[in-house]
Visitor: 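First the structure, then my questions, so here it is.
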Amino acid sequence: MEFAFTPEQEALRVEVQQFIAENVTPEIVAELEDTGIRRRGPKTREMYKEIAERGWIGISWPKEYGGQAGSRIDQYIVEEEFARAGITVGGAGSGAPAILAAGTEEQKQEFLPGIIRGEISFALGFTEPQAGADLAGLQCRAVRDGDEYVINGQKMYTTAAHYATHIYLMARTDPDAPRHRGISIFLIPMDTPGITVRPLWTIQNDPPAPLGTTYGDNRTNETFFENVRVPASCLLGEENQGWYVGAMGLNLDRVGASRYLISIQRDEDIVNWVKDNDIEGYAMREDPALRDRLADMWIEGQVCRLMTMRSMSIVETDGNFTYEGSAEKVFAPEHGVRTTETIAQMLGPYGQLLNGSEDAIESGVFAHNLMGAFQSGINHGSVQVMRDQVARRGLGMPRV
Amino acid sequence: MPADPVCPVCKTVINEDSARATTGQTMYGANEVDPNAGTRSFFNGEWYYFCTLQCRTRFLTAPNTFIES
Ligand SMILES: Cc1cc2nc3c(=O)[nH]c(=O)nc-3n(C[C@H](O)[C@H](O)[C@H](O)COP(=O)(O)OP(=O)(O)OC[C@H]3O[C@@H](n4cnc5c(N)ncnc54)[C@H](O)[C@@H]3O)c2cc1C
Ligand SMILES: [Zn+2]
């Protein structure tokens, strides 16, 4: 067990920090803050190309698909530094882990280099109006018709559907099979005829959250599929095995820097702020009670970090990754709720002013984080569902 | 011309054309619709139209209560 980064890894971190200082211009920040385009703005896309050229995206992926066959920890360091600047590189939801594990050779060639270059991104089409926590109850239908599938149904909370190139869709291919065994996954271009997107506005809708907010997206979507015809080659993994492919992909997608940073960036931000700022002449950094609360928060943040490190080392060594990601997905979001509540108590009414208010602290990021914290307990697998997975896979209890 | 659909829960008439009208496109070419023109759901092989998400949720919890035979 090794808890320190190597000198080479520390050097990589400095290199990434330098790149960010030199390349993340105000124009790029403006594009990233525009929730309509996010990572798809023209300047941002140029920057992603440069990041890719340095070999910093998909470091741990095989070389034949544009990766470096390198270490996951290196990848983690790159992701961590970019995430601190509010920039996601190859993080959760990229779809890549599932494609690497279950994709055909053609699919790997088609998608992985494009994901690395920032040209391909997936929206996650799992949840439906009546299938969220109970995802196996999903109704969206895909019917085989010769070399094609015809898809009808709808998805709820497809978060990136308005700026993704593709959707990673879970649909029912065998309605007569037991619930978990009649589901398949499809990788579908968003411009396929018959796909319609209806905006849903989130808790962050107005005013828009500043960059650096955890879960700052003001928009998610409903996505309708009406006689959508796709070639059978869109199927990821075998037909009717989609439940297992999807669960494995979700689990792997939870591992890594973005999960950890989601947990602790708020802690870092408030500690830095308290060190440098007073509220109406009051120096919170000298108040023993508030220092206690910050220390508690920090200790919990380090637990999140260790959980992430453990998950990554299991994945890195091809170990058996069962309940660990789920445990992390309980502790970290709930840490986020506790943290943002603590911060709200500390900052008082000024801390509640949102982006755009003249007196808002740090453009309202702490207030927006408070709202975003509640999203992380639900999205990407709710904490209740995650607890159930810990009970089953970690504690060996039966499925109920 | 078939009549405009009715929200099966509160019986409001939904303007199907508005509910389906394309208001724009996403960045990568999917059609977008007006979020204020109602929503829909594919159920038992048919599209049902609803005035709001609340009505749809009520419907999907107990569809048979609302489907007229
Ligand atoms: C901001 C946001 C973004 C999202 N983005 C995406 C996305 O991109 N793609 C996607 O597919 N989905 C996405 N989701 C959907 C998310 O995964 C679901 O909301 C989640 O799985 C819960 O499902 P549900 O909303 O249907 O709630 P329900 O299933 O109705 O559950 C409601 C609450 O009850 C709890 N609950 C349900 N059953 C049990 C039980 N048996 N025991 C204990 N507690 C239970 C749940 O944990 C939840 O807290 C997003 C959600 C949010 C809020
Ligand atoms: Zn209604």
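What you see below is based on every heavy atom in this structure, not just the backbone, and it leaves out hydrogens, waters and symmetry mates. Chain naming here is simple, since letters A, B, ... match the order of the sequence lines and numbering starts at 1 in each.
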Visitor: So which of A:Thr165, A:Asp191, A:Val197, A:Ile195 has the largest heavy-atom pair count under 4.5 angstrom toward chain B?
Guide: A:Val197

Visitor: Heavy-atom cut-off 4.5 Å, strictly under: side chain, backbone, both or neither for A:Glu128 against chain B?
Guide: neither

Visitor: What part of A:Gln139 lies closer than 4.5 angstrom to a heavy atom of chain B: side chain, backbone, both or neither?
Guide: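 It is neither, since no heavy atom gets under 4.5 Å.
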
Visitor: Give me the ring orientation class for B:Phe66 and B:Phe59: parallel if the planes are under 30° apart, tilted from 30 to 60°, perpendicular past 60°.
Guide: tilted

Visitor: So, A:Asn240 and A:Thr173: side-chain donor and acceptor under 3.5 Å apart, yes or no?
Guide: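 Judged by distance alone, the side chains do pair up.
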
Visitor: When heavy-atom pairs shorter than 4.5 Å are enumerated against chain A, which of B:Gly29, B:Pro35, B:Gly24 gives the highest number?
Guide: B:Pro35

Visitor: Write down the atom of A:Ile99, the atom of A:Leu236, and the distance for their closest heavy-atom approach.
Guide: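 Scanning both residues, the minimum pair turns out to be CA-CD1, 4.1 Å.
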
Visitor: Is it the side chain or the backbone of B:Arg56 that comes within 4.5 Å of chain A heavy atoms, both, or neither?
Guide: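 The answer is the side chain of B:Arg56.
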
Visitor: Can any side-chain N or O of A:Asp145 pair as donor or acceptor with the backbone N or O of A:Glu148 at less than 3.5 Å?
Guide: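 Checked: no pair found.
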
Visitor: Parallel, tilted or perpendicular for A:Phe122 and A:His166, by the 30°/60° rule?
Guide: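 Plane angle between 30° and 60°, so tilted.
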
Visitor: Is it the backbone or the side chain of B:Thr39 that comes under 4.5 Å from a heavy atom of chain A, or both, or neither?
Guide: both

